[in-house]
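Notes follow once the structure below has been shown.
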Amino acid sequence: VGNTVVVEPVPFFAKLFHALGITCKQQKWEDVKIAPRFFDVVLAAFVAAHFPRNQLGRLLKKMVGALRPEGELILMMVDALEGTWREIHTLFYNAVGMERRRSSALVVRKIMRDMGAREERIVTHVRARTKKEIVDALAFDFLQYRRQFEKMRPLFYRYLSDKKRRGAYELSVVINFYYYRKNGFKK
């Protein structure tokens with residue numbers, strides 16, 4: 001692997017990358033300056049969901065613009081409609097009065113398909129021995145809503161009551177992968 005640059009706005013994670021000796025731009029994709037045709041690969045793992053919806057197309061094009069000829073964009077997103085991981089997010093947003101907060105995954109899917117990206121999906125599971133462990137794992141997704149999340153722990157515990165399988169609590173996560181190659185895929 002040649003140059004690796006991470007775009008990570010969260011200070012905690014940016015410090016971890018720096019500690020590992022990885023160049024990290026502690027900015028959002030909306031603000032970061034990236035030279036055109038700089039990367040062979042852009043890996044966007046679960047970041048597009050945090051882009052402002054009205055900037056999704058522009059930011060995905062910015063990622064593509066950062067690719068060298070024949071460079072590849074690999075984008076991963078949690079599915080907008082399927083999986084109990086998504087259900088629990090919807091439960092949270094509805095309970096705190098944020099019904100309008102909808103996943104941008106469907107918009108990203110359309111943009112990536114229009115660009116000619118290949119698409120694959122996998123189903124994986126988050127498993128934990130106790131309800132507390134699985135709710136603690138969920139807390140990561142709600143860092144910006146920590147106070148509301150903590151108030152809702154009892155609701156999450158009730159939701160998990162019928163999610164015990166083979167001695168562990170389990171949430172399914174449907175992940176969509178999009179593979180885009182600049183200048184197309186070879187036949």
A side-chain contact here means heavy atoms from C-beta on lying under 4.5 Å apart; do [X] and [Y] qualify?
| X | Y | value |
| --- | --- | --- |
| Glu70 | Asp40 | no |
| Val173 | Val123 | no |
| Leu75 | Phe177 | no |
| Phe149 | Val96 | no |
| Leu67 | Glu72 | no |
| Phe142 | Tyr93 | yes |
| Ser161 | Lys131 | yes |
| Phe46 | Ile175 | yes |

Check [Y] with [X], please: is the shortest side-chain N to carboxylate O separation under 4.0 Å?
| X | Y | result |
| --- | --- | --- |
| Glu133 | Arg129 | yes |
| Arg153 | Glu150 | yes |
| Lys25 | Asp31 | no |
| Asp79 | Arg121 | yes |
| Arg109 | Glu119 | yes |
| Glu170 | Arg127 | yes |

So which atom in [X] and which in [Y] form the shortest heavy-atom distance, rounded to 0.1 Å?
| X | Y | answer |
| --- | --- | --- |
| Met152 | Leu91 | CE-O, 4.2 Å |
| Trp29 | Leu59 | O-CD2, 3.7 Å |
| Gln55 | Glu30 | OE1-CG, 3.4 Å |
| Ala117 | Tyr180 | CB-CB, 4.2 Å |
| Ser104 | Met77 | OG-CE, 3.7 Å |

task: Give a yes or no on whether the backbone of Val5 and the side-chain of Thr23 come within a donor-acceptor separation of less than 3.5 Å.
output: no
- prompt: For Arg146, does its backbone N or O pair with a side-chain atom of Lys151 as donor and acceptor, under 3.5 Å?
  reply: no
message: Can you tell me how far apart CG (Leu171) and OH (Tyr159) are? Round to the nearest 0.5 Å.
response: 6.0 Å
statement: Here the gap from Cys24 atom SG to Glu8 atom CD, rounded to the nearest 0.5 Å, amounts to 6.0 Å
Heavy atoms of other groups near Lys28 NZ, more than 12 under 6.0 Å: no
field: Criterion side chain to side chain contact (heavy atoms under 4.5 Å, CB included) on Leu138 and Val126, from CA distance to verdict
entry: CA-CA 10 Å; Leu138 275 165; Val126 176; over 6 Å; no
